[in-house]
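First the structure, in the form of structure tokens, and then the observations on it.
What's counted below: heavy atoms across the whole structure, side chains too, no hydrogens, waters or symmetry copies. Values in this document were obtained by computation on a predicted structure and should not be read as measured data. Chain letters run A, B, ... following the sequence lines, proteins first and then strands; every chain starts at 1.
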There are 2 protein chains.
Amino acid sequence: MFRVPAPAIAPIGVVLSRTAKTASRAFDQALAAAGGSQPVWQILISLKTSPVANQRELADAVGIQGATLTHHLNGMETAGLVTRRRDPENRRVHLVELTEDGEALFHRLASAAITHDKRMRKGLSESEIATLAELLHRLATNVANEGG
Amino acid sequence: MFRVPAPAIAPIGVVLSRTAKTASRAFDQALAAAGGSQPVWQILISLKTSPVANQRELADAVGIQGATLTHHLNGMETAGLVTRRRDPENRRVHLVELTEDGEALFHRLASAAITHDKRMRKGLSESEIATLAELLHRLATNVANEGG
DNA sequence: TATTGTTATACTCTATAACTATA
DNA sequence: TATAGTTATAGAGTATAACAATA
């Protein structure tokens, strides 16, 4: 009977990426069923929770480029979720605001996200979740400190 | 002095998705610098490590649809990384095999992946990594058991 | 000139539906 | 008919470069 040597390096990247893919797809489905998508959800969260001064900050908060944000905002404006108007103080800035429909979608997606989170957390204790969150944060910090 | 109440539900999904996005982008860059991409890397790993009987199994292993796999294999064949030939035993089956260039790319990408993993793990102990891997696995199991 | 945002364009990954080849 | 794979087509998300508007 042979013993397979434990690999010197456990590929945590593989585990993380596989988990994230599975979780992300499940989350996609949950958001889609509620009429949304991940980018839209991220944008709605940012608009609701943090006071962004302009679209550049919004794009940074969501983690996408300005042109990509414009692309999503175009869709959201067409769908009646947000309005854009110029800031009278500085007419270069476009103020993005949620409409009633946007607010409503935010709440539906929040509800879907909470349900999804509950299912994902099932069987994990509070302290396990806290440990997980902290370890993930440390991983992210390590890779965020890129050379680029 | 007010105390902000801890949220009843820590959005582990948000933490996971943010971490995964950061890690995934960093990994993308590392693979791109070595001449690859995540789908190509996944396909190479599967070809090297698990004996897949046909392309359907390969697609399942990678987590994509058959047509999507065909798309990637077309590119990989054009790039001289793999060959496809019919199985004489069952001519419906196309046997996918790595070329020398494919082997070489596998090793380069493996090296990039290991480097990336090391950087990501920095400051985390073996047991912390093991804990993290186990917790992630439990999360993934929970969401994988979809209704759909 | 510098900043804010948009437009034009394109690339990657993915998917579904219809198709071919083989059994 | 059923199975293995490909082709055709499309859609979502992202990005860069060039541009317009404003300061």
Side-chain angles (χ1 to χ4, degrees), chain A residues 17-18 20-22 24-29 31-33 35-44 46-47 52-79 82-97 148, chain B residues 17-18 20-22 24-29 31-32 35-44 47 52-79 82-97 148:
Chain A
S17 119
R18 195 172 296 156
K21 189 174 189 177
T22 303
S24 176
R25 287 188 176 186
F27 192 38
D28 276 342
Q29 292 185 347
L31 291 179
S37 67
Q38 296 207 45
V40 166
W41 171 229
Q42 291 302 319
I43 290 166
L44 290 176
S46 287
L47 289 177
V52 286
N54 55 42
Q55 285 189 200
R56 178 99 78 97
E57 284 189 21
L58 183 53
D60 284 351
V62 175
I64 57 181
Q65 294 302 116
T68 305
L69 176 62
T70 295
H71 167 78
H72 291 301
L73 289 179
N74 287 345
M76 292 172 76
E77 194 169 30
T78 299
V82 298
T83 56
R84 277 183 287 191
R85 60 186 177 84
R86 295 202 179 257
D87 183 347
E89 309 274 307
N90 177 350
R91 288 181 46 75
R92 284 177 303 191
V93 171
H94 292 204
L95 297 173
V96 181
E97 284 159 352
Chain B
S17 117
R18 193 171 299 156
K21 190 174 188 175
T22 303
S24 176
R25 286 190 177 185
F27 192 38
D28 276 341
Q29 291 185 346
L31 291 179
S37 67
Q38 295 208 44
V40 166
W41 172 231
Q42 290 303 318
I43 290 166
L44 291 176
L47 289 176
V52 285
N54 54 42
Q55 285 189 201
R56 178 97 78 96
E57 283 189 20
L58 182 55
D60 285 350
V62 176
I64 57 181
Q65 293 302 117
T68 305
L69 176 63
T70 294
H71 166 78
H72 291 300
L73 289 179
N74 288 344
M76 293 172 75
E77 194 169 31
T78 299
V82 299
T83 56
R84 279 182 286 192
R85 62 186 176 85
R86 295 202 179 257
D87 183 348
E89 308 275 305
N90 176 350
R91 289 183 44 77
R92 285 176 304 189
V93 171
H94 293 204
L95 297 174
V96 181
E97 283 158 353

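Distance check: L31(A) CG to Q29(A) CD gives 10.5 Å after rounding to the nearest 0.5 Å.
A nucleotide of DNA chain D counts as in contact with chain A when one of its atoms lies under 4.0 Å from a heavy atom; the first and last such, 5' to 3', are dG13(D) to dA23(D).
Formation of a donor-acceptor pair under 3.5 Å by the R86(A) side chain with backbone atoms of R91(A) is found in this model.
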Could you list all N or O pairs between the protein and nucleotides 10-17 of chain C that sit under 3.5 Å apart?
{"from": "dT14(C)", "atom 1": "OP2", "to": "H72(B)", "atom 2": "NE2", "distance (Å)": "3.1"}
{"from": "dA15(C)", "atom 1": "OP2", "to": "Q65(B)", "atom 2": "N", "distance (Å)": "2.9"}
{"from": "dA15(C)", "atom 1": "OP2", "to": "T68(B)", "atom 2": "OG1", "distance (Å)": "3.3"}
{"from": "dA15(C)", "atom 1": "N7", "to": "T68(B)", "atom 2": "OG1", "distance (Å)": "3.3"}

**OP:** Report the C-alpha distance between K21(B) and R25(B) in whole Å, list the side-chain angles of each, state the deciding distance to 0.1 Å, and finish with yes or no for side chain to side chain contact (heavy atoms under 4.5 Å, CB included).
**Re:** CA-CA 6 Å; K21(B) 190 174 188 175; R25(B) 286 190 177 185; 3.4 Å; yes

Subject >> Test log, rule side chain to side chain donor-acceptor pair (under 3.5 Å), inputs S24(A) and Q38(A) >> reply: CA-CA 9 Å; S24(A) 176; Q38(A) 296 207 45; 3.0 Å; yes

Original post:
Should N54(A) and R92(A) be marked as a side chain to side chain contact (heavy atoms under 4.5 Å, CB included) after you check the CA-CA gap, both sets of side-chain angles, and the distance that decides it?
Top reply: CA-CA 9 Å; N54(A) 55 42; R92(A) 284 177 303 191; over 6 Å; no

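Between S46(A) and L58(A), the closest heavy-atom pair is CB-CD1, 3.4 Å. The two residues V96(A) and L47(A) come nearest to each other via the heavy atoms CG1-CD1, 3.9 Å. Nearest heavy-atom pair, V52(A) versus E57(A), reported as atom, atom and distance to 0.1 Å: CA-OE1, 3.7 Å.
Evaluation of the side-chain hydrogen bond (donor to acceptor under 3.5 Å, both in side chains) test over residues 60-76 of chain A, restricted to residues two or more places apart or in two chains, returns N74(A)-R84(A).
For E97(B), the CD atom is densely surrounded, since the number of other residues' heavy atoms within 6.0 Å is greater than 12.
From one end of the helix from dT1(C)-dA23(D) to dA23(C)-dT1(D) to the other, with five pairs defining each end axis, the axis direction shifts by 30° (rounded to 10°).
Near-neighbour residues of DNA chain C inside residues 83-91 of chain A, defined by a heavy atom below 4.0 Å, number-ordered: R84(A). Looking at residues 53-61 of chain B, you'll see that no heavy atom sits under 4.0 Å from any atom of DNA chain C.
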